[in-house]
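Lettering of chains follows the sequences in order, A, B, ..., and the numbering in each one begins at 1.
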There are 2 protein chains.
Amino acid sequence: MLKTAPCGRKKVQEPAPTGESLDSWETILTVFLREKSLRLTDQRRKIASIALSHDSHFEIQELVREVRKSHPEISPATVYRNVKTLCEAGLLQETLESRSGVTLYERTESEHHDHIVCLDCGLIFEFHNAAIEKAQTKAIRAMGFFETRHQHVIYAKCDLIKK
Amino acid sequence: MLKTAPCGRKKVQEPAPTGESLDSWETILTVFLREKSLRLTDQRRKIASIALSHDSHFEIQELVREVRKSHPEISPATVYRNVKTLCEAGLLQETLESRSGVTLYERTESEHHDHIVCLDCGLIFEFHNAAIEKAQTKAIRAMGFFETRHQHVIYAKCDLIKK
DNA sequence: ATGAATGCAAAGGTTTTGCACCCCC
DNA sequence: GGGGGTGCAAAACCTTTGCATTCAT
């Protein structure tokens, strides 16, 4: 249902060179858990592994189904609880809303990107544009704010140019 | 809970000069309904009136409560159905998500604006910045898309500069 | 051992739907 | 009159929570 695929062309922004950041999520998670006196259970590790294997956005329900498939003994409640934990650990973050109004999550990447939702093919693209970011930082500063993060979703059509 | 207020300073973008667009929403709605062979019922008009009286974002539940207060005979299901209709008519649109994950709606304005969510005071500001819009249009075109609309939400802090 | 985490089931909350009745066009 | 609209209640969903049990540290 929700995919990020090249709608007839290449994704504008390639994935991070190595595919994995230098600190593996396992390290980050372990450190976070230790700091908070939380524990690394089997379920937590499995859920994290599956959640963080997504290259793009996913909804919790999707994750719940995947987890159930390979680990039927893990309950949905645990998935919900752990997604929350992973967000707190900074490994996941909420992202743009799907058109059905469901919250989507994605792996936190070191590189920021904006999104284009194609209204023709329904797919979601990621891109990064320095000019936009720059204009934005400048505008925000001028208004007296300090930006922490942003979500920029553009709804567009890819098909028009082919017709 | 959710307000758009001046967080210690003025809203950057003032509301439309007249407060109402030239075509009243009643006209737009009537034309839309006629086109689709839909009907203008009492409930529909009342719900539209209340929904469109909001100057800023609101959630459906809030609208349901308001409608119930002045028109207890209107059922929540009807409110849901009509919000959907009003979106299709282009009078309302979904907007950024509240931090609790609930979908928010707002009146469609002729003038577009982006949002700043202040992480210090929790309020939502609206602004418009030509440089950002321009950079964006250019970037999108360069990638082969035609933009239809976008959502740009910046999470920022207003308080830092006071400390 | 002890506090955190889990599974289960129940509760909570939101949104949708089926259906009989109503009413706008 | 007929098809869209409504109210009501039930259903369908998604997410959270209480509690007894299990488990990581």
Item to complete: Looking at every strand, decide which applies to B/D42 at a 4.0 Å heavy-atom threshold: base, sugar-phosphate, or nothing.
Response: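 Counting heavy atoms under 4.0 Å across all strands, no contact is made by B/D42.
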For atom [atom1] of [X] and atom [atom2] of [N], their distance in whole Å:
{"X": "A/L33", "N": "C/dT6", "atom1": "CG", "atom2": "P", "result": "10 Å"}
{"X": "A/R34", "N": "C/dA4", "atom1": "CZ", "atom2": "C1'", "result": "16 Å"}
{"X": "B/I74", "N": "C/dC22", "atom1": "CD1", "atom2": "P", "result": "18 Å"}
{"X": "A/H71", "N": "C/dT6", "atom1": "NE2", "atom2": "C1'", "result": "15 Å"}
{"X": "B/K36", "N": "D/dG5", "atom1": "NZ", "atom2": "P", "result": "12 Å"}
{"X": "A/L29", "N": "D/dA24", "atom1": "CG", "atom2": "P", "result": "15 Å"}
{"X": "A/Y105", "N": "D/dC14", "atom1": "OH", "atom2": "P", "result": "14 Å"}
{"X": "B/R45", "N": "C/dC23", "atom1": "CZ", "atom2": "P", "result": "14 Å"}

Practice prompt. Look at the side chain of B/R81 against the base of D/dG5 and say whether a donor-acceptor pair falls under 3.5 Å; ignore hydrogens and angles.
Written response: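 Per atom types, no contact qualifies.
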Discussion item. When you measure only distances, ignoring hydrogens and angles, does the side chain of B/R44 come within 3.5 Å of the base of D/dG5 through a donor and an acceptor?
Written reply: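 Looking at the base of D/dG5, it does not pair with any donor or acceptor on the side chain of B/R44 (distance under 3.5 Å).
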When you get a sec, tell me which of [options] is the closest nucleotide to the side chain of [X]?
{"X": "B/R39", "options": "C/dA5, D/dT17, D/dG4", "result": "D/dG4"}
{"X": "B/Q61", "options": "C/dG3, D/dG2, C/dT14", "result": "C/dT14"}
{"X": "B/T78", "options": "D/dG7, D/dG3, C/dT6", "result": "D/dG7"}
{"X": "A/Y80", "options": "D/dT15, D/dT6, D/dC8", "result": "D/dT15"}

Item to complete: Pick out which of B/R44, B/Q43, B/K46 makes a side-chain hydrogen bond (donor to acceptor under 3.5 Å, both in side chains) with B/N82.
Response: B/R44
Worksheet, complete the sentence: Assign each of A/T41 and B/V79 the nucleotide of DNA chain D bearing its closest heavy atom; nearer the 5' end lies the nucleotide of B/V79
Item to complete: Could you say whether B/P76 or B/S37 is positioned toward the 5' end of DNA chain D, judged by the nucleotide with the nearest heavy atom to each?
Response: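 Its nearest nucleotide being more 5', the pick is B/S37.
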Fill in: Separation of B/L52 CG from B/E106 CD (nearest 0.5 Å)
11.5 Å
Worksheet item: Start at the 5' end of DNA chain C and walk down; is the nucleotide closest to B/K84 or to A/I47 reached first?
Response: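 On the 5' side of the pair lies A/I47.
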Item to complete: Decide yes or no on salt bridge (charged side-chain N to carboxylate O under 4.0 Å, His left out) for B/R68 and B/E73, but give the supporting numbers first.
Response: CA-CA 7 Å; B/R68 280 211 94 74; B/E73 74 284 4; over 6 Å; no
Worksheet item: Does the side chain of A/T27 pick up a donor-acceptor pair with the side chain of A/T30 at under 3.5 Å?
Response: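 Note: A/T27 and A/T30 side chains miss the donor-acceptor criterion.
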Item to complete: Please find out if less than 6.0 Å separates the ring center of B/H150 from that of A/H152.
Response: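 That pair passes the under 6.0 Å test.
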Worksheet item: Does a side-chain N or O from B/Q43 land closer than 4.0 Å to OP1 or OP2 of C/dC22, or not?
Response: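 For B/Q43, the contact criterion (side-chain N or O under 4.0 Å from OP1 or OP2 of C/dC22) is not met.
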